[in-house]
Amino acid sequence: MEKGNKKANGWTVELINPSPGDRILEIGMGTGATLNRLLNEYEDIEKICGIDISLSMVNKAKQVNRGFIASHKAEITEGNVEHIPFAACVTCSSRKEFPV
């Protein structure tokens, strides 16, 4: 999945350009590669939380980011985006999964 979204995910990382202390929620994080990239490139991010509906993707993301999870810089959760407590959500690479 990451290979197909690598260009869009790279563009997203550059676009958001996180600041020190930022907290980020990645919806549909897949393998956790973008989450990992953000935490490696922007060490001052406070925390990134990732959510994905697929247990296999969650397990892969936890494996890829185990060091960041252990240091409490990342939290990875299996779940349905329809049940998170936010008024609005935006995702760039999961448009097929969340039709408008």
Test item: [X] side-chain N/O and [Y] main-chain N/O as donor-acceptor pair under 3.5 Å:
{"X": "Asn40", "Y": "Arg37", "result": "no"}
{"X": "Lys73", "Y": "Leu39", "result": "no"}
{"X": "Asp52", "Y": "Gly30", "result": "yes"}
{"X": "Asn65", "Y": "Gly32", "result": "yes"}

Measure the [atom1]-[atom2] distance between [X] and [Y] for me, rounded to the nearest 0.5 Å.
{"X": "Ile76", "Y": "Gln63", "atom1": "CD1", "atom2": "CD", "value": "11.0 Å"}
{"X": "Arg23", "Y": "Glu75", "atom1": "CZ", "atom2": "CD", "value": "9.0 Å"}
{"X": "Arg66", "Y": "Ser71", "atom1": "CZ", "atom2": "OG", "value": "12.5 Å"}
{"X": "Ser56", "Y": "Glu78", "atom1": "OG", "atom2": "CD", "value": "9.0 Å"}
{"X": "Ile53", "Y": "Ile27", "atom1": "CD1", "atom2": "CD1", "value": "12.0 Å"}

Heavy-atom side-chain proximity of [X] to [Y] below 4.5 angstrom:
{"X": "Asp22", "Y": "Tyr42", "value": "no"}
{"X": "Thr77", "Y": "Val58", "value": "no"}
{"X": "Val13", "Y": "Glu41", "value": "yes"}
{"X": "Ile69", "Y": "Lys62", "value": "yes"}
{"X": "Glu26", "Y": "Ile51", "value": "no"}

*Answer yes if Val64 and Ile24 sit in the same cluster of Ile, Leu, Val, Met, Phe, Trp and Tyr residues linked by side chain heavy atoms under 4.5 Å apart, and no otherwise.*
no
_Applying side chain to side chain contact (heavy atoms under 4.5 Å, CB included) to Thr34 and Met29, what does each step give before you reach the verdict?_
CA-CA 7 Å; Thr34 302; Met29 84 217 148; over 6 Å; no
